Every structure is written in structure tokens, then in C-alpha cells.
Amino acid sequence: AFTLRDSIFVNTFADALDSDFSVSTISNSSFKFVGNDSIDYSGSLSNINDIFIYSSKDKGISVGEKSKVEIQNIIIEDSSIGITSKDDSVVQVRDYHNNNLNYIAASYVKKNNFGPAEINFYNYDKPINNEIIVDKNSIIKFNYDSSIKNKVIYSNINSEIIKYIK
């Protein structure tokens with residue numbers, strides 16, 4: 001287990017932080033000009049709080065291989081993909097702010113020996129266009145909160161992203 005706080009990662013060639021099969025807390029930290037993913041998890045449990053990510057070439061946060069990650073108060077700017085959940089992983093996100101991303105989120109199976117992934121966004125107030133990637137069995141939920149009437153759930157059936165409003 002580890003705790004990382006009050007840290008700055010700048011100008012990294014590959015992933016800034018790659019953590020496999022760990023238990024961690026990351027808080028009050030910044031990641032800038034990252035050559036690949038800013039934070040990359042596999043088989044891990046983590047809490048991430050008060051994070052700023054600027055200019056990740058690939059993903060701001062990548063979560064895979066049955067990881068469970070909770071994210072609170074994150075800003076991701078000028079990156080390819082904001083938050084990704086893949087391969088049986090579940091990501092809970094509260095207070096996600098983003099700007100100038102190719103995709104705000106992605107949820108999919110990358111490795112065939114794993115199942116679908118899921119991302120649940122709470123308190124997300126930006127309009128959602130086609131800025132997501134989601135495979136047939138994975139899910140992305142926006143404003144997944146019982147007190148909010150207009151929940152938006154994205155799934156993918158027959159290679160077409162479907163939007164459900166409940």
C-alpha cells in the first residue's frame with residue numbers, strides 16, 4: 001500500500017505513474033506533459049482526490065484488470081482520453097471537470113479473459129455529445145445518483161453507441 005500526495009509529475013516519456021496490484025491513495029497532485037497515461041492501474045484498489053492532469057498523450061487515468069478506483073475532484077485538460085475503465089474494472093467519479101479532450105471517457109474490454117467495464121459519473125454537468133468510447137457490454141453512466149431524474153446511461157449495441165435516459 002502507498003500514499004502519494006502533494007506531488008508533481010512533469011515531462012515524462014511514458015506513463016507518469018503505473019501501479020499494478022496495489023492499494024493506494026493519490027491526492028493533491030499534478031501531472032503535466034505526460035508521454036502516455038498520467039495514472040495507470042491494473043488489479044488495484046485506489047482513491048484519487050484533487051488531481052490536475054494536463055496534456056497526457058493517451059489517457060488521463062487508465063484503470064484495468066479488475067481494479068476498483070474512486071475519483072473525487074479531478075480536472076483533465078488537453079489530453080486524448082480523460083478516464084478509461086477496462087477489463088472488469090469499476091470507476092466511480094465525482095466532480096469531473098475537463099477541457100479539450102478527444103474523448104471524455106472510455107469503457108471496454110481490452111483483454112478477452114476479462115469481462116465488461118463500468119464508469120459511474122456523479123455531479124457531471126457538461127453536455128455529452130459523442131465524446132465517449134464504450135463496447136457492447138461495458139457501461140458509462142452519467143449523473144448516476146438517485147436524486148437526479150435525468151440519468152444518462154451509454155451502452156453499445158451492434159457497434160452503435162446507444163443513449164438511455166431514465
Side-chain angles (χ1 to χ4, degrees), residues 9 12 14-20 24 26 31-49 51-145 151-165:
F9 294 78
T12 64
D15 293 346
L17 175 65
D18 193 328
S19 184
D20 297 340
S24 66
I26 300 173
F31 299 79
K32 299 176 184 175
F33 305 106
V34 176
N36 200 39
D37 302 335
S38 287
I39 301 172
D40 186 331
Y41 283 112
S42 292
S44 298
L45 297 171
S46 183
N47 286 301
I48 300 172
N49 303 293
I51 299 297
F52 177 68
I53 295 172
Y54 179 81
S55 191
S56 275
K57 292 261 190 233
D58 196 7
K59 298 170 213 70
I61 297 181
S62 179
V63 178
E65 297 185 16
K66 294 188 178 183
S67 293
K68 301 219 179 309
V69 174
E70 292 188 9
I71 302 169
Q72 173 84 38
N73 194 26
I74 183 163
I75 299 169
I76 303 177
E77 296 181 341
D78 294 328
S79 299
S80 182
I81 302 173
I83 298 171
T84 298
S85 180
K86 55 189 186 281
D87 301 333
D88 272 327
S89 295
V90 177
V91 180
Q92 309 288 344
V93 185
R94 286 175 172 75
D95 302 317
Y96 174 37
H97 309 280
N98 59 71
N99 186 41
N100 198 28
L101 304 179
N102 292 332
Y103 298 96
I104 56 176
S107 183
Y108 55 89
V109 176
K110 182 177 179 182
K111 299 176 181 174
N112 291 333
N113 54 324
F114 290 98
E118 183 173 330
I119 304 176
N120 296 311
F121 289 98
Y122 303 82
N123 304 328
Y124 190 83
D125 61 359
K126 287 183 80 171
I128 303 152
N129 297 313
N130 290 321
E131 304 154 323
I132 61 168
I133 299 168
V134 60
D135 73 10
K136 184 176 181 180
N137 296 310
S138 297
I139 293 175
I140 298 175
K141 300 174 186 175
F142 288 90
N143 293 330
Y144 194 67
D145 182 329
K151 298 176 202 162
V152 181
I153 301 172
Y154 287 89
S155 186
N156 190 336
I157 299 169
N158 299 327
S159 299
E160 184 176 326
I161 294 175
I162 306 297
K163 175 174 147 181
Y164 303 95
I165 299 177

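Numbers here are sequence positions counted from 1. Values in this document were obtained by computation on a predicted structure and should not be read as measured data. Heavy atoms only: backbone and side chains are in, while hydrogens, waters and symmetry mates are out.
Using cut-offs of 30° and 60° on the angle between ring planes, the pair Phe31 and Phe9 is parallel.
Annotation: Tyr54, atom OH; neighbour count of heavy atoms from other residues, nucleotides and ligands within 6.0 Å does not exceed 12. Heavy atoms from other residues, nucleotides or ligands lying under 6.0 Å from CG of Asn112 number 12 at most.
Looking at Ile61 and Val93, their side chains never come closer than 4.5 Å, going by heavy atoms from C-beta outward.
We find the NZ-OG distance between Lys57 and Ser80 to be 10.5 Å, quoted to the nearest 0.5 Å. Interatomic distance, CG of Asn98 versus CD1 of Ile83, reported as 8.0 Å (0.5 Å rounding). Between the CD1 atom of Ile140 and the CZ atom of Phe142 there is a distance of 5.5 Å, given to the nearest 0.5 Å. Residue His97 holds its NE2 atom at 5.5 Å from CG of Asn73, rounded to the nearest 0.5 Å. Put simply, CD on Glu118 and CG on Asp88 are 11.0 Å apart, with the number rounded to the nearest 0.5 Å. Annotation: the span from Ile74 atom CD1 to Ile51 atom CD1 amounts to 6.5 Å, rounded to 0.5 Å.
With Asp95 contributing its side chain and Gln72 its backbone, the two residues share no donor-acceptor pair below 3.5 Å. Looking only at distances, no side-chain donor or acceptor of Ser67 sits under 3.5 Å from a matching main-chain atom of Leu45. A donor-acceptor contact shorter than 3.5 Å is absent between the side chain of Asn137 and the backbone of Pro116. Between the side chain of Ser46 and the backbone N or O of Val69 there is no donor-acceptor pair closer than 3.5 Å. Proximity of a side-chain donor or acceptor of Ser107 to a complementary backbone N or O of Ile139 within less than 3.5 Å is detected. When atom types are taken as modelled, the side chain of Ser55 and the backbone of Phe33 share no donor-acceptor pair closer than 3.5 angstrom.
Of all heavy-atom pairs spanning Ser85 and Val90, the tightest one is OG-N, 4.0 Å. Scanning both residues, Asp37 and Ser62, for their nearest heavy atoms gives OD2-CB, 3.6 Å. Residues Ser38 and Gly60 share a closest heavy-atom pair of CB-O, 3.1 Å. The two residues Ser79 and Ser56 make their nearest non-hydrogen contact at OG-N, 2.9 Å.
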- Just do the side-chain contact (heavy atoms from CB on, under 4.5 Å) check on Lys86 and Ser138 with the steps written out, would you? CA-CA 8 Å; Lys86 55 189 186 281; Ser138 297; over 6 Å; no

- Task: Take Ile104 and Tyr124 through the side-chain contact (heavy atoms from CB on, under 4.5 Å) test and state the conclusion after the steps.
- Result: CA-CA 11 Å; Ile104 56 176; Tyr124 190 83; 3.5 Å; yes

- Pair Glu77-Asn100, side-chain contact (heavy atoms from CB on, under 4.5 Å): steps then yes or no: CA-CA 6 Å; Glu77 296 181 341; Asn100 198 28; 5.9 Å; no

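A side-chain N or O of Ser24 and one of Tyr41 form a donor-acceptor pair less than 3.5 Å apart. Side-chain contact of Asp15 with Asn36: a donor-acceptor pair under 3.5 Å is present, judged by distance alone.
Of the charged side-chain nitrogens involved, none lies within less than 4.0 Å of a carboxylate oxygen, so that Lys110 and Asp87 do not count as a salt-bridged pair.
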